[in-house]
Asker: 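Have a look at this one before I ask anything.
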Amino acid sequence: MLEIKGVSKYFYSGAGEKTTALSGVNLHLKKGSYTVIVGGNGSGKSTLLNLIAGNLDCDEGEILLDGRAIHKKPDYSRAKWVSRIFQDPAAGTAPDLTLVENFRLAAVRKDPKGLKLGINRGFRSEVALRLEQLELGLEKKLNSPVSQLSGGQRQAATLLMATFVKPDILLMDEPSAALDPKSARIVMQLAGDVIAEQGLTAILVTHQMTEAVKYGDRLLQFRDGRVIKDLDAAAKGKLEPGDLLKWFQQDLE
Amino acid sequence: MFYLTAITLGLALGALCLGIFISLRIFNFPDITADGSYTLGGVITAIGLVAGWGIVETLILATVAGMFAGTATGLIHTRMKLNSLLSGILVMTGLYSINLAILGRSNVPVPFDSASVFNFFHPFAERTYNELLTLLIIFALLVVFLTWLLKTDFGLSMRASGNNPNMARGFGVNANFIKVIGLAIANGFIAISGFLVVQLQGFADINMGVGIVILGLGAVIIGESLMNILGWTKMWVRIGGVVIGSVVFRLIISLVLSAGVDPIWIKLLTAVVVLVIVGIPGLIPSIGKRIKLE
Ligand SMILES: Nc1ncnc2c1ncn2[C@@H]1O[C@H](COP(=O)(O)OP(=O)(O)O)[C@@H](O)[C@H]1O
Ligand SMILES: [Mg+2]
């Protein structure tokens, strides 16, 4: 279980002006739950994910994973438990490393990186097997630098890398926003499948109303660094994309 | 004969170029420490050989000293958040005094009868051929070592840290720590060049490192451009290409010198050659695409 307890985050501009990005947020995410977060720009969604992953430090509050406080650990230590996918398909992979080299790093996410040559025939076929299921032809690109892949291919690869070794928490920050509609559908479907298969605890931030309605078993709306709506699976099941649009109209007013 | 000397010197400087390849190409870190760590490797070698040390002890000490210099630059950069150029310049400047203190005066010749890496293999009557053979063996070993290192899990972490530090941290790599280790390894390589060149030339000089960074940079770029134009992208070829770049660069310089240019113009010439190579992509984008430079 992931517990966010009274977490606040402030930013200060050069002139010393204070922005409250998150304001005393409390959340309990059950193991195996898939939470979708919506909210206007600047409502604090990315900040929450950055605090969980350790890219930012909490100013107040604490974050507990299965009872263990993780909010003081550096991001690279939290990688043992937390995996991330960003909006930018380039963010989740190392462009000059080959696809199989990227996967090797993903395979040792939880382990010390020693002087082992880990890319052998067995490893290659294991990666190829997983890539084949995507039906994007990636299994033929094992030795290509990732920079040669399309955005959709990179994002799909990032998702497989993030879940190659099962994480305790999977964080996705608008993973489909930079993709064409077809790639977006493939990536979101893949994410849904992997989350169900591995029983992952996941958070999806999205601006796509159809995605927000289709995926997940809980829906949160953020505004001004606070959770202003929290729907459980039953309530979420009754939602239509139109209802969400109305929420956003209110955000704009 | 003249060109043979250029080739041996180019090979001896190959380790320096490999070091610069690590800092610049793996970590995107233009590391000026090289001027100092190369001289450090050289002065320790000269003093060690004068004092009658064995060649293995001398090599180990020179390499480790270079690694310390790289560690210092890395720590200044990652802990105190100074930018890469400033971190390197600080350590390089400090090293000048340390090097002078070790050397005792500005120039120390190595005694003829002291230990030398070039004493192990002498199948040829001609000294230069023997030197060439020794250097080729050393470079085969260094290229194999570096290729292997960069393919291990540790090496993948190094490359990812330089390429996309956020991604590397996301997969559990302490990117700052690994940068310090990487700079230590790079400067260890660079000190090995100092070690080799002192034995090749027979003396150490306090100013032997002046401008050596640019020389290494030029060699790395020449080597990479050659391999890119040929379309060879395998890791060991890229790494071997760096050593070839070093040799090609020395040959260009010898060629110019043999055409009667006064040696005082060497540094300017080096700078111009590097400028031309680095500048071409900016001036003529179609060539730039093929040789792919940052
Ligand atoms: N690194 C930063 N520096 C300064 N302000 C920031 C930074 N990151 C986010 N903010 C501010 O914090 C607030 C929340 O941002 P964010 O969490 O990125 O919103 P969202 O992802 O919901 O669009 C915004 O007002 C934003 O301007
Ligand atoms: Mg955001």
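First the proteins, then the strands, lettered A, B, ... as listed; each starts at 1. Just so it is clear, the model here is predicted, and its values are computed rather than measured.
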Asker: Within a reach of under 6.0 Å around CZ of F177(B), are more than 12 heavy atoms found that belong to other residues, nucleotides or ligands?
Answerer: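 Open.
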Asker: Under a 4.5 Å heavy-atom cutoff, which of N174(B), L149(B), L156(B), T233(B) has the most pairs with chain A?
Answerer: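 Going by pairs under 4.5 Å, I would pick N174(B).
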Asker: Within the supplied structure, the quantity of interest is the number of heavy atoms (other residues, nucleotides, ligands) at a distance under 6.0 Å from W232(B) CH2; does it exceed 12?
Answerer: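 It does not: W232(B) CH2 has 12 such atoms or fewer within range.
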Asker: Looking at OH of Y76(A) and CG of N176(B), how far apart are the two atoms once the value is rounded to the nearest 0.5 Å?
Answerer: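 Y76(A) atom OH to N176(B) atom CG measures 8.0 Å (nearest 0.5 Å).
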Asker: Under 3.5 Å, side chain of N163(B) to main-chain N/O of D96(A), donor-acceptor pair present?
Answerer: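 Present.
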Asker: Let me confirm one number: the OG1-NZ distance from T152(B) to K113(A), rounded to the nearest 0.5 Å.
Answerer: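 One finds 12.0 Å between OG1 of T152(B) and NZ of K113(A).
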Asker: Can you find a pair of side-chain heavy atoms, one from N164(B) and one from L97(A), that are under 4.5 Å apart?
Answerer: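 SC-SC contact between N164(B) and L97(A) ruled out.
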Asker: Is there a side-chain contact (heavy atoms from CB on, under 4.5 Å) between M167(B) and T158(A)? Walk through the geometry before answering.
Answerer: CA-CA 10 Å; M167(B) 174 268 191; T158(A) 303; over 6 Å; no
Asker: Regarding D153(B) and K116(A), does a basic nitrogen lie under 4.0 Å from an acidic carboxylate oxygen?
Answerer: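 Salt bridge between D153(B) and K116(A), a charged N being under 4.0 Å from a carboxylate O: no.
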Asker: Please determine if E101(A) and R159(B) form a salt bridge, counting it only when a charged side-chain N lies under 4.0 Å from a carboxylate O.
Answerer: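 A salt bridge is present here (some side-chain N lies under 4.0 Å from a carboxylate O).
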Asker: Could you tell me which non-hydrogen atom of A79(A) sits nearest to which non-hydrogen atom of G172(B), and how far apart they are?
Answerer: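 Heavy atoms only, the tightest pair is CB-N, 3.3 Å.
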Asker: If you measure from CG on N55(A) to CZ on R169(B), what distance do you get to the nearest 0.5 Å?
Answerer: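 If we round to the nearest 0.5 Å, N55(A):CG and R169(B):CZ are 7.0 Å apart.
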Asker: When heavy-atom pairs shorter than 4.5 Å are enumerated against chain B, which of P74(A), A90(A), A162(A), A94(A) gives the highest number?
Answerer: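 When all of P74(A), A90(A), A162(A), A94(A) are compared, A94(A) has the most.
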Asker: Looking at R78(A), M161(A), K80(A), which has the largest count of heavy-atom pairs under 4.5 Å with chain B?
Answerer: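 Winner by heavy-atom pair count: M161(A).
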Asker: Within a radius of less than 6.0 Å around NZ of K141(A), do more than 12 heavy atoms belonging to other residues, nucleotides or ligands occur?
Answerer: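 Incorrect, the count does not exceed 12.
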Asker: Once rounded to the nearest 0.5 Å, what's the spacing between atom CZ of F171(B) and atom CZ of R109(A)?
Answerer: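 If we round to the nearest 0.5 Å, F171(B):CZ and R109(A):CZ are 7.0 Å apart.
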Asker: For A106(A), which atoms come within 4.5 Å of any heavy atom of chain B: side chain, backbone, both, or neither?
Answerer: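 Contact with chain B: backbone and side chain both.
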Asker: Taking atom CZ of F68(B) as the centre, report whether more than 12 heavy atoms of other residues, nucleotides or ligands fall under 6.0 Å from it.
Answerer: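 For F68(B), atom CZ is not crowded (no more than 12 foreign heavy atoms under 6.0 Å).
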Asker: Counting heavy atoms not belonging to R121(A), are there more than 12 under 6.0 Å from its CZ?
Answerer: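 No - once you tally the heavy atoms of other residues, nucleotides and ligands closer than 6.0 Å, there are 12 at most.
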